[in-house]
2 protein chains.
Amino acid sequence: METHAKEGIEKWQDEQFLEDTAELLKALAHPSRLKIVGFLASGKKCVKHIWEALDLPQPNVSQHLSVLRNRGILGYKREGSIVCYYIKDKRVLELYRNLTQED
Amino acid sequence: METHAKEGIEKWQDEQFLEDTAELLKALAHPSRLKIVGFLASGKKCVKHIWEALDLPQPNVSQHLSVLRNRGILGYKREGSIVCYYIKDKRVLELYRNLTQED
DNA sequence: TTAAAATATTAGAATAGTATTATAAATATC
DNA sequence: GATATTTATAATACTATTCTAATATTTTAA
């Protein structure tokens, strides 16, 4: 009576887990993308607000947003002429809090 | 009466934090390195044991170990002719557990 | 001191990630 | 429709990462 297919297998033996998780971490493993995630941790923000607040060139931010969006970390919503991004993957919020907490 | 220098500043505004954290994540953001960390999560292991258990070429593992070691994630101890690695950075254990916990 | 075992390093080619610049697309306003 | 604003995409040059194969280093034991 197995309730899960991979019961008893350690996570590090699950190649799918390793690849997916590495992809997730890779997406976060850049100062600017981490900055974006940190900025979005307090809520949804529009693109212009993001690149102005973070003091980064607009196309650069747009590219980083697309990395985060394509890996399912961010979601977005068009609101008229502006586009607003938010953190979609709850695990990422947890991870970010984990990384920012003082020891 | 400030007890910390950077009080009141959000973490995402701290460029040093962003760079350090991105480096940490980058070191973990590879399937084989994640696999090594997962294997070491249960305790110290010697190099041969690592590359045999993980079914990876010896020089490859050695290179990955050096990445993890250089970034302070792993520590090691020579014991006679063999070298044993262990997880030195406690944050990484927390991160790994965070990543492996089921939702 | 030589040989074997364990681990590390190096060199090279292939691939991937990045910033910058320029341009395109979508929407809103006039 | 013309124009301004916002965001995305493309092209390029540059740098970094990765794997593989070969070789070096360290330790132990014969």
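In this text, all values refer to a predicted model and were calculated from it rather than measured experimentally. Just so it is clear, the values below take in all heavy atoms, side chains as well, and ignore hydrogens, waters and symmetry mates. Letters A, B, ... are given to chains in the order of the sequence lines, protein chains preceding strands, and every chain is numbered from 1.
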Would you indicate whether the side-chain heavy atoms of L28(A) and V37(A) approach each other to under 4.5 Å?
-> yes

Please report the distance, rounded to the nearest Å, between [atom1] in [X] and [atom2] in [N].
X      : N       : atom1 : atom2 : answer
R78(A) : dT7(D)  : CZ    : C1'   : 7 Å
K48(A) : dA26(C) : NZ    : C1'   : 16 Å
H30(A) : dA16(C) : NE2   : C1'   : 13 Å
D55(A) : dA19(C) : CG    : P     : 14 Å
W51(A) : dT7(D)  : CH2   : C1'   : 10 Å
N70(B) : dT17(D) : CG    : P     : 12 Å
L56(B) : dT18(D) : CG    : P     : 13 Å
N60(B) : dT17(D) : CG    : P     : 15 Å

Hey, does the side-chain of Q58(B) have a donor or acceptor N/O within less than 3.5 Å of a partner on the base of dA6(C)?
-> no

For the base of dT20(C), is there a side-chain donor-acceptor partner from Q63(A) under 3.5 Å away?
-> yes

Under 3.5 Å donor-acceptor, N70(B) side chain and S66(B) backbone = yes

Upstream residue (5' side of DNA chain C) when P59(A) and G80(A) are each assigned their closest nucleotide = P59(A)

Taking the nucleotide of DNA chain C with the closest heavy atom to each, which residue, H64(A) or S81(A), is nearer the 5' end?
-> H64(A)

The reported gap from OG1 in T100(A) to CH2 in W12(B) (rounded to nearest 0.5 angstrom) is 13.5 Å

In Å and rounded to the nearest 0.5 Å, what is the CD1 to NE2 distance from I36(A) to H30(A)?
-> 9.5 Å

Which atom pair, heavy atoms only, marks the closest approach of Y85(A) to L65(A)?
-> CE1-CD1, 3.8 Å

Report which part of the nucleic acid Y85(A) touches: base, sugar-phosphate, or nothing (heavy-atom distance under 4.0 Å, all strands).
-> sugar-phosphate

Nearest to side-chain heavy atoms of S62(A), which nucleotide of dA8(D), dT9(C), dT7(C) = dA8(D)

For R33(B) and dT18(D), is the shortest distance between a side-chain N/O and OP1 or OP2 below 4.0 Å?
-> yes

